[in-house]
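Have a look at the structure below, then the notes.
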Number of protein chains: 2
Amino acid sequence: MAKIDAAKLGEYIREQRMAAEISVRQLARTAGVSNPYLSQVERGLRRPSAEILARIAAGLRISAETLYVRAGILEEREGDRAVLLAISEDPTLTDRQRRALLEIYAAFQTENSAQQAESHTEEEHLA
Amino acid sequence: MAKIDAAKLGEYIREQRMAAEISVRQLARTAGVSNPYLSQVERGLRRPSAEILARIAAGLRISAETLYVRAGILEEREGDRAVLLAISEDPTLTDRQRRALLEIYAAFQTENSAQQAESHTEEEHLA
DNA sequence: GCAAGCCGCTTGCAATTGCAAGCACTTGCG
DNA sequence: CGCAAGTGCTTGCAATTGCAAGCGGCTTGC
């Protein structure tokens, strides 16, 4: 698990806030945190807890998970892994259905790999 | 976002630790936290940070997300929603493949609903 | 000019987090 | 018996988190 880089996190929060064109005080009010603290967080002087991150995310209207990932609390779910996990853990599927979906997904992955290999081969010809 | 219930979280951690048949000190050492602190966490006297939770989870060989959910940091991803989201967000799939998977998944869901309705009908006959 | 409002930031402080040192107890061995 | 090793917990403390009070700077309207 990556160590939280407060500076990077703060930068990201500031970027998002500026993109939303709101001031520190406005975001702080919306998020329900003190504005000096938010300012400190943006400048990387503090490492906010998950609860504060969730509040800031709500104020920014982005998912809390986005900030958790930035903060190093959560790992980004890689695309293919996310699908495999989600299907495996879905309690609404029967075993047969689960297996079928996983096989189809694997077939698509193979298909995409073959296409990528083909692309590489063409590139080699050109090079 | 639910407020963290330190007592419930602590109970869960203790349960998992006892299920694994390891002592407070053993888990603390494996997890890289102090054993008195772990003891306090288990008794609901402290609210550990996400970082500590991740360490404890690693020591227990469970996913950090499990403890995050218990701690109220993260919300549980509902089964069917997780699959839909994962497929939608998978960058390794082409549009065609994505659509196909979503349709198959939907078909399975319909199939399962039909079977559930059938079960209910049989139950009504018996009742 | 002044007052009011906004801006982001400084500073001191109370509460909390996580740890180190150590306690009392139990168990197994010589 | 005494000792060593293990058990979970108590306690005091340093560091950190998040806040309230307030600063200086800027803009706007009178």
Side-chain angles (χ1 to χ4, degrees), chain A residues 1-60 62 64 67-74, chain B residues 1-60 62 64 67-74:
Chain A
M1 187 176 91
K3 266 292 225 192
I4 177 178
D5 181 350
K8 287 277 171 69
L9 172 68
E11 270 175 43
Y12 180 75
I13 288 172
R14 181 162 284 190
E15 278 167 26
Q16 295 300 308
R17 176 174 63 77
M18 293 176 97
E21 295 182 342
I22 53 177
S23 67
V24 170
R25 290 185 194 216
Q26 286 172 336
L27 176 56
R29 195 185 312 117
T30 308
V33 302
S34 76
N35 75 69
Y37 189 64
L38 176 59
S39 175
Q40 286 171 330
V41 168
E42 285 193 352
R43 286 171 288 135
L45 300 181
R46 289 284 199 272
R47 296 173 48 182
S49 64
E51 185 178 336
I52 296 295
L53 284 178
R55 288 198 207 161
I56 292 171
L60 287 171
I62 61 178
L67 288 190
Y68 291 162
V69 169
R70 292 281 169 157
I73 286 174
L74 206 52
Chain B
M1 188 178 89
K3 266 287 227 202
I4 178 179
D5 181 351
K8 287 276 173 64
L9 172 68
E11 272 174 41
Y12 181 75
I13 289 173
R14 180 163 286 189
E15 279 167 24
Q16 294 301 307
R17 177 175 62 78
M18 293 177 98
E21 296 184 342
I22 54 177
S23 68
V24 170
R25 289 188 193 216
Q26 285 172 338
L27 176 55
R29 194 182 317 114
T30 307
V33 302
S34 75
N35 75 70
Y37 189 65
L38 176 59
S39 175
Q40 286 171 329
V41 168
E42 286 193 350
R43 286 172 287 135
L45 301 181
R46 291 284 198 273
R47 297 174 48 183
S49 64
E51 185 177 338
I52 297 295
L53 283 179
R55 288 198 207 160
I56 291 171
L60 286 171
I62 60 177
L67 289 189
Y68 292 162
V69 169
R70 292 278 167 160
I73 287 174
L74 206 53

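Side chains are part of it too, since the values below use all heavy atoms of this structure and drop only hydrogens, waters and symmetry mates. Naming convention: chains lettered A, B, ... in sequence-line order (proteins, then strands); numbering from 1 in each chain. These figures come from a predicted structure and were not determined experimentally.
Taking atom CD of B:E21 as the reference point, atom C1' of D:dG6 lies 17 Å away to the nearest angstrom. If you take CG of A:L38 and C1' of D:dT17, they are 14 Å apart, rounded to a whole angstrom. Atoms CZ (B:R55) and P (C:dT17) sit 15 Å apart, rounded to a whole Å. In this structure, A:R46 atom CZ and C:dT17 atom P are separated by 16 Å, rounded to whole Å. A straight line from CZ of A:R47 to P of D:dA15 spans 15 Å, rounded to a whole angstrom. Taking atom CD of residue A:E51 and atom C1' of nucleotide D:dG18, one finds them 11 Å apart after rounding to whole Å. Across the protein-nucleic acid pair, B:Y37 atom OH and C:dC19 atom C1' stand 10 Å apart, rounded to whole Å. B:L45 has its CG atom 13 Å from the P atom of C:dT16, to the nearest Å.
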Contacts under 3.5 Å, N or O only, protein and nucleotides 6-9 of chain C:
from: C:dC7; atom 1: OP1; to: A:S23; atom 2: OG; distance (Å): 2.8
from: C:dC7; atom 1: N4; to: A:R25; atom 2: NH2; distance (Å): 2.8
from: C:dG8; atom 1: OP1; to: A:R17; atom 2: NH1; distance (Å): 3.4
from: C:dG8; atom 1: OP1; to: A:V24; atom 2: N; distance (Å): 3.3
from: C:dG8; atom 1: OP2; to: A:V24; atom 2: N; distance (Å): 3.0
from: C:dG8; atom 1: N7; to: A:R25; atom 2: NE; distance (Å): 3.3
from: C:dG8; atom 1: N7; to: A:R25; atom 2: NH2; distance (Å): 3.0
from: C:dG8; atom 1: O6; to: A:R25; atom 2: NH2; distance (Å): 2.1
from: C:dC9; atom 1: OP2; to: A:R14; atom 2: NH2; distance (Å): 3.2
from: C:dC9; atom 1: OP2; to: A:S39; atom 2: OG; distance (Å): 2.3
from: C:dC9; atom 1: O5'; to: A:S39; atom 2: OG; distance (Å): 3.4
from: C:dC9; atom 1: N4; to: A:N35; atom 2: OD1; distance (Å): 2.6

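With distances taken from any side-chain atom of A:P48 to the nucleotides D:dG18, C:dT17, D:dT17, the minimum falls on D:dG18.
Across all non-hydrogen atoms, the minimal contact from A:A71 to A:L53 is CB-CD1, 3.5 Å. Summarising the geometry of A:I73 relative to A:A50, their closest heavy-atom pair is CD1-CB, 4.1 Å, with the distance given to 0.1 Å. Nearest heavy-atom pair, A:A64 versus A:A57, reported as atom, atom and distance to 0.1 Å: CA-CB, 3.6 Å.
To the nearest 0.5 Å, the span separating CD1 on B:I13 from CD1 on B:I56 amounts to 4.5 Å.
Proximity of a side-chain donor or acceptor of A:S39 to a complementary backbone N or O of A:N35 within less than 3.5 Å is not detected.
The side-chain heavy atoms of A:R14 and A:R43, taken from C-beta on, include a pair separated by under 4.5 Å.
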